[in-house]
2 protein chains.
Amino acid sequence: MKKNASLVDVARRAKVNISTVSRTINQTGKIGMDTQERVLRAMRELGYKPNRVARRLRARGSSSFLLGLIIPNIQNIFFADLARGVEDVAYRSNYAVLLCNYDEDEAKERFYLDVMQLESVDGIILPPIHEEDPAVLQVVRNGTPVVCVDRSLARGGLDKVEVDNHLGALRAVEHMIAQGHRRIGLIGGPADSSTGKERTRGYKDAHLQAGLPLKTELMRFGDFKQESGRTLAHELLGLADPPSALFVCNGLMTAGALEAIAARGLKIPRQVGIVGFDELPLAEVFNPPLTVVRQPAYEVGKCAAELLLKRIEDGQRPTTSLKLHPELILRKSC
Amino acid sequence: MKKNASLVDVARRAKVNISTVSRTINQTGKIGMDTQERVLRAMRELGYKPNRVARRLRARGSSSFLLGLIIPNIQNIFFADLARGVEDVAYRSNYAVLLCNYDEDEAKERFYLDVMQLESVDGIILPPIHEEDPAVLQVVRNGTPVVCVDRSLARGGLDKVEVDNHLGALRAVEHMIAQGHRRIGLIGGPADSSTGKERTRGYKDAHLQAGLPLKTELMRFGDFKQESGRTLAHELLGLADPPSALFVCNGLMTAGALEAIAARGLKIPRQVGIVGFDELPLAEVFNPPLTVVRQPAYEVGKCAAELLLKRIEDGQRPTTSLKLHPELILRKSC
DNA sequence: CCAAGTGGAGCAAACGTTTGCCTTGCCTGG
DNA sequence: CCAGGCAAGGCAAACGTTTGCTCCACTTGG
């Protein structure tokens, strides 16, 4: 195990004290030009790279160039895009990202929050598991900067960046109504998720605006997984008086609904229209191309990371909360 | 910034020396039953959690419960699945994962390799950027355990787990030939990627086996991105004597090819058949459902992480290299 | 009765930084 | 000529662990 050059090696070679080396690196304290020159040369010659672990151990509070990102599941493309957004701005500022999947599992979330703190990350980005997430609140109290993404925390006064889910759903359903649909099935998200709730609210408001009645038998709620999309779509399409179009509240459930539609041999959009939340990789080349509500996932991650970096720099700055606009991409499925 | 309880706090409360606490935690050294009891109680009462940073700083060489994962792009679902596999086994062993995207960019890869070493990760999982990746070799020489995934390194004698790309392509093209196709277009990967080469080899071998001639005008090579899939498919389909089916060497390029096919108004599989590498989210519900070669991405990650953990435990164990089998999923597109 | 062995636990160094404080030499204003 | 100030840089503590050594008190075999 070849050791990396350390401060003392550099110091020895430059014939100065280690504190001098440290100070030239960090531009802190006053060091003469010539000495700096010597130190820099020694560093170059030895290929010195400061040890991040030691730095973090010592400099708790000052920056250690590590961000934590805790997400439900990286296999969900929304979070993959988001993660990429975070990563890109982190990289540009020389930060690395510690990434964890918590699978909507509270124990796992807690474990990872612990890890993050014990790793002394500079800050954490996460979608809270629910609106009163006590573990997260605890972390915040400990003084670690946190920014919420996608979902938000009821209390805590945190920076956050969300997508305007209500608006996205509203626009989508408005469009469906404009296409002439009067019986629109809803495949919604879990009632305890803020995103699910907001999208459902958009669906309802679109109906209210248009003076259309809400029928409970047309509104079903799943768990954001493919399986439930399929099941619920089957339920809806099996109704005596089935909906003429489906509004599905996330990508995976949309895929599930598509399965059901295919299984029943229904033609899109003639026999049933469909609009889903989340852009899907093949949506554009699907037959017919899928009309979807695209969430700016990458931008969410990007903004969140930017906010976090700013907060790390200045813990006192006023909190900001962003609401990014989703985009209704009109294609042929409705 | 509330501080966590430290060893000294526990020691003070249990009225023992910190070394005693450390030893009871790590089950190293001989400590009396009663003392252990006292220490454990003190730990519980203070909610003590060992500081991972300090541990890593000191115990370079002993385990610090951090794994590094460097991948081209987490937005590529293959790597997302792989990452998930890694994460799951890591979590089960109380490891956290430091994840980085290097974007096939050598500078970025180098930066992240540095970070990993400076963070003293216990080991690294990555697909080398190419077969003679000097930066990776350097890391290996430094003594950090590394396991290669997906792609491999020509030298170095490392643990690795790959997918049998040759086999996957072979089976796919065999199937296409069995379906009666005689002119099969290839949209291959970059010539300097081992995966691309292997898949191309599979394509060729299937032809040889069947006694079919290889036509260079039917073989095009892209960069594994959607754009190139579209362009190359257009080129192939625009030929005077176009191929009757396309074999596409990864998921993104398949999506691109599908775009081209749709743009030309061609019917699958009647006018053109298509088989792609990589399972895609909507492939199953596509119209028609897509025949694809599914790579066991999750398993690759899982096996790699298991291998890495074993190596961390025993640096001397003989290296193993796994070759996982892809699966040809027959659907309707060819 | 003594040497050697053993179980139990403390001391202090080391890991590689950052940083508060101190020292030194030189300059400057009075 | 001297006090005070300042620029430059050294000393050593501290961050929270792990671990090699030492130390002590017993036991035990000869």
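Everything quoted here is computed from the prediction, not taken from an experiment. All chains are named by letter (A, B, ...) in the order of the sequence lines, taking the proteins before the strands, and each is independently numbered beginning at 1. Quick note: numbers below take in every heavy atom, side chains included, and nothing from hydrogens, waters or symmetry partners.
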**Message:** One character per nucleotide, please: for nucleotides 20-27 of chain D, 5' to 3', B when the base has a protein heavy atom closer than 4.0 Å, S when only the sugar-phosphate does, - otherwise.
**Reply:** B-------

**Request:** Whole angstrom is fine here: how far is it from CG in B:L7 over to P in D:dT17?
**Result:** 4 Å

**Request:** Let me know the distance between CZ of A:R55 and P of C:dC15, rounded to the nearest Å.
**Result:** 19 Å

**Request:** Return no unless some side-chain N or O of A:S22 is found under 4.0 Å from OP1 or OP2 of C:dT17.
**Result:** no

**Request:** In whole angstrom, give the distance that lies between atom CZ of A:R58 and atom C1' of C:dT17.
**Result:** 8 Å

**Prompt:** Just wondering, more than 12 heavy atoms not from A:E131 lying within 6.0 Å of its CD?
**Reply:** yes

**Message:** Between B:R84 and B:D88 (salt bridge meaning N to carboxylate O under 4.0 Å), is one present in this structure?
**Reply:** yes

**Request:** Mind calculating the distance between CG (B:L57) and C1' (D:dT17) to the nearest angstrom?
**Result:** 8 Å

**Asked** When the ring planes of A:Y91 and B:F111 are compared, do they come out parallel, tilted or perpendicular, using 30° and 60° as the limits?
**Response** perpendicular

**Message:** Surrounding NZ of B:K225 (heavy atoms of other residues, nucleotides or ligands, distance under 6.0 Å), is the total greater than 12?
**Reply:** no

**Request:** Could you tell me whether A:R56 and A:E119 make a salt bridge, using a distance below 4.0 angstrom between a side-chain N and a carboxylate O?
**Result:** yes

**Request:** Give me the ring orientation class for B:F65 and B:Y95: parallel if the planes are under 30° apart, tilted from 30 to 60°, perpendicular past 60°.
**Result:** tilted

**Item:** Residues B:K302 and B:E306 bridged, charged N to O under 4.0 Å
**Value:** yes

**Prompt:** Counting side-chain heavy atoms from CB outward, which of D:dG10, C:dG16, D:dT17 is closest to A:S6?
**Reply:** C:dG16

**Message:** Given B:M116, which partner from the list B:L98, B:L126, B:L66 fulfils the side-chain contact (heavy atoms from CB on, under 4.5 Å) test?
**Reply:** B:L98

**Candidate nucleotides D:dG9, D:dC15, D:dA12, ranked by approach to the side chain of A:I18 - the nearest** = D:dA12

**Request:** Mind listing the residues from residues 31-47 of chain A sitting with a heavy atom below 4.0 Å of DNA chain D? Number order is fine.
**Result:** A:I31, A:G32, A:T35

**Request:** Determine, stepwise, if the pair B:S19 / B:N17 fulfils side-chain hydrogen bond (donor to acceptor under 3.5 Å, both in side chains).
**Result:** CA-CA 5 Å; B:S19 59; B:N17 186 280; 2.9 Å; yes

**Message:** Rounded to whole Å, please give me the gap between CD in B:Q27 and P in C:dG8.
**Reply:** 14 Å

**Request:** Look at the side-chain N and O atoms of A:N51 and state whether any lies under 4.0 Å from the OP1 or OP2 oxygen of C:dT17.
**Result:** no

**Message:** From C-beta outward on A:A54, which listed nucleotide comes closest to its side chain: D:dT18, C:dG10, C:dT17?
**Reply:** C:dT17

**Message:** Can you measure B:N17 atom CG to D:dT19 atom P for me and round it to whole angstrom units?
**Reply:** 15 Å

**Asked** Angle, rounded to 10°, between the helical axes spanning five pairs at each terminus of the helix from C:dC1-D:dG30 to C:dG30-D:dC1?
**Response** 50°

**Request:** Would you indicate whether B:E45, at its atom CD, is surrounded by more than 12 heavy atoms from other residues, nucleotides or ligands within a distance under 6.0 Å?
**Result:** yes

**Asked** With a non-hydrogen cut-off below 4.0 angstrom, is A:V16 in contact with a base, only sugar-phosphate, or nothing?
**Response** sugar-phosphate

**Item:** Between P of D:dT19 and CZ of B:R56, the distance in whole Å
**Value:** 15 Å

**Prompt:** Does the side chain of A:D9 come within less than 4.5 Å of A:R12's, by heavy atoms?
**Reply:** yes

**Whole-Å gap separating P (D:dT18) and CZ (B:F65)** = 10 Å

**Asked** Is it the case that B:N4 and A:Q117 place a side-chain donor and acceptor less than 3.5 Å from each other?
**Response** no

